Amino acid sequence: MTTDPFIDDTVRQRILSELDAIERDEDVRILFAVESGSRAWRFPSRDSDYDVRFVYVRPAESYLTVVPRRDVIERPIDSVLDIGGWDLRKALQLLVRSNAVLLEWLTSPVRYRDSGSASARLLELARTTADPTALAYHYEHQARRSFAEVEAAGDTVRYKTYCYALRSALALMWLRHREETPPMDLPSLLAGLTLSDAIRETVAALVARKAPATEGDTGARLPQLDALIGDALAEPPVQRVSADRADVIAEADALFASIVLNSLPANPAGS
């Protein structure tokens with residue numbers, strides 16, 4: 001297991017135990033489990049919790065019912081751990097609508113469990129059928145909401161809010177200039193975009209200030225980041241031709257049947 005500087009080893013062991021308990025208690029098989037919040041985005045604060053998300057599959061007979069089973073599993077949230085997951089059918093229903101959150105789960109750099117084949121096939125389908133316009137709408141909405149908080153804050157703003165607005169704006173820029181699905185984490189976004197050294201230094205300083213701070217701590221406005229985010233939001237909306245949704249649904253149906261009926265074995269893996 002590779003040590004991750006953003007993931008405490010004791011918490012990791014608790015997460016793995018929780019995932020084992022979910023499989024036993026709920027009679028499900030977890031296909032993959034990842035970190036989905038600021039620790040995966042690579043800019044946590046010292047008091048950031050752990051946002052664990054997973055996709056699971058039930059035994060085949062569970063899908064042959066008149067009344068569908070609940071398609072979400074959630075555990076009680078505490079100050080350290082927020083853990084929840086989606087049924088494979090729900091995940092695929094969101095995939096055919098180019099859900100950005102699912103794509104982020106599938107590309108998270110922090111993986112607690114991974115079935116290998118199933119998650120790789122889900123990622124391939126999500127990437128090859130994603131609607132860039134839908135993804136851009138998601139990131140633009142996220143960036144506008146966070147940047148509105150930045151502007152409303154006056155001269156000082158929460159580091160967390162700045163980082164949220166920045167990540168979404170960079171993902172939007174990625175979609176416009178690279179015309180492919182963006183990575184979820186800040187370092188990968190920065191590595192794949194053409195940005196000035198001054199911007200990169202400003203972002204690095206922001207992340208460094210956020211790391212020892214709390215989620216509520218604030219700092220001075222950063223004009224260079226304000227301009228970067230504002231410029232990203234001022235560009236015209238992304239309009240791209242996407243895959244035919246009927247074909248995507250057919251592919252998702254086939255993948256769903258394959259995973260459920262073949263009962264792919266789990267293969268736990270740490271990040």
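All values derive from a computational prediction rather than experimental measurement. All values below come from the heavy atoms of this structure, side chains included, with hydrogens, waters and symmetry mates left out.
- Salt-bridge annotation for Asp71 and Arg58: absent, with no side-chain N of the basic residue lying under 4.0 Å from a carboxylate O of the acidic one.
- Within a 6.0 Å sphere centred on CD of Glu180, other residues, nucleotides and ligands contribute more than 12 heavy atoms.
- The closest side-chain donor-acceptor pair between Tyr63 and Asp87 falls under 3.5 angstrom.
- One distance of note links CG of Asp49 with OG of Ser79; it measures 8.5 Å at 0.5 Å rounding.
- In this structure, the ring of Trp41 has its center less than 6.0 angstrom from the ring center of Tyr164.
- Between the side chains of Tyr162 and Asp226, at least one donor-acceptor pair of N or O atoms lies under 3.5 Å.
- The shortest distance between side-chain heavy atoms of Val110 and Val34 does not fall below 4.5 Å.
- The number of heavy atoms from other shown groups lying within 6.0 Å of CG (Asp155) does not exceed 12.
- With a 6.0 Å cutoff to the six-membered ring centre and a 45° limit on the axis angle, Arg39 counts as a cation-pi contact of Tyr50.
- Separation of atoms OG1 (Thr156) and CZ (Arg221) is listed at 9.5 Å; rounding is to 0.5 Å.
- Contact of the Thr161 side chain with the Arg145 side chain is not registered, since no non-hydrogen atoms from C-beta on lie closer than 4.5 Å.
- Open room surrounds CZ on Arg127; 12 or fewer heavy atoms of other groups in view lie less than 6.0 Å from it.
- Counting heavy atoms from C-beta outward, Leu125 and Val96 have side chains that stay 4.5 Å or more apart.
- Rounded to the nearest 0.5 Å, atoms NE2 (His177) and OG1 (Thr194) are 8.5 Å apart.
- Considering only heavy atoms from C-beta on, Trp86 comes within 4.5 Å of Leu94 through its side chain.
- Looking at heavy atoms from C-beta onward, Pro132 lies out of side-chain contact with Glu179 at the 4.5 angstrom threshold.
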CA sep, side-chain torsions, deciding dist, call: Leu88, Leu255, side chain to side chain contact (heavy atoms under 4.5 Å, CB included) | CA-CA 10 Å; Leu88 175 62; Leu255 181 55; over 6 Å; no
List the steps and the verdict of side chain to side chain contact (heavy atoms under 4.5 Å, CB included) for Leu228 and Met173.
-> CA-CA 10 Å; Leu228 177 74; Met173 292 170 61; 4.0 Å; yes
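- Not a single donor-acceptor pair under 3.5 Å links the side chain of Gln142 to the backbone N or O of Ala165.
- The backbone N or O of Gly192 lies less than 3.5 Å from a partner atom in the side chain of Arg178, making a donor-acceptor pair.
- Under a 4.0 Å N-O distance rule, the pair Glu35/Arg12 does not qualify as a salt bridge.
- Under the rule for a salt bridge (Lys or Arg N to Asp or Glu O under 4.0 Å), the partners of Arg53 that lie at least two apart in sequence or sit in another chain are Asp82.
- In this structure a side-chain-to-backbone donor-acceptor pair under 3.5 Å is present from Ser36 to Asp51.
- Here the side chains of Val101 and His138 are in contact, with some heavy-atom distance below 4.5 Å.
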Going through the distances and angles, do Arg46 and Asp217 end up as a salt bridge (Lys or Arg N to Asp or Glu O under 4.0 Å)?
-> CA-CA 11 Å; Arg46 63 180 169 85; Asp217 283 351; 5.1 Å; no
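- Residue Leu103 holds its CG atom at 7.5 Å from OG of Ser98, rounded to the nearest 0.5 Å.
- Within the 4.5 Å cutoff, the side chain of Val28 has no heavy atoms near those of the Val57 side chain.
- Taking the side-chain contact (heavy atoms from CB on, under 4.5 Å) definition, one finds that Arg144 meets it with Glu140, Leu233, sequence neighbours left out.
- The side-chain contact (heavy atoms from CB on, under 4.5 Å) test applied to Asp47 returns Ser45, Thr214, Glu215, not counting sequence neighbours.
- Classified by interplanar angle (parallel below 30°, tilted 30° to 60°, perpendicular above 60°), the ring pair Tyr137/His141 is parallel.
- No side-chain heavy atom of Asn99 sits less than 4.5 Å from a side-chain heavy atom of Leu95.
- Looking at Arg42 and Asp4, a side-chain N of the basic residue comes within less than 4.0 Å of a carboxylate O on the acidic one, giving a salt bridge.
- Checked by atom type, the side-chain pair Ser115/Arg29 shows no donor-acceptor distance below 3.5 Å.
- A side-chain N or O of Asp185 and one of Ser188 form a donor-acceptor pair less than 3.5 Å apart.
- With Thr218 contributing its side chain and Arg158 its backbone, the two residues share no donor-acceptor pair below 3.5 Å.
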Tyr112/Phe32 under side chain to side chain contact (heavy atoms under 4.5 Å, CB included): CA gap, chis, key distance, verdict | CA-CA 7 Å; Tyr112 299 111; Phe32 68 90; over 6 Å; no
Go through Ser119 and Arg113 one step at a time and tell me if the side chain to side chain contact (heavy atoms under 4.5 Å, CB included) criterion holds.
-> CA-CA 10 Å; Ser119 61; Arg113 295 274 295 271; over 6 Å; no
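- Salt bridge annotation for Arg75-Asp25: present, with a cationic side-chain nitrogen under 4.0 angstrom from a carboxylate oxygen.
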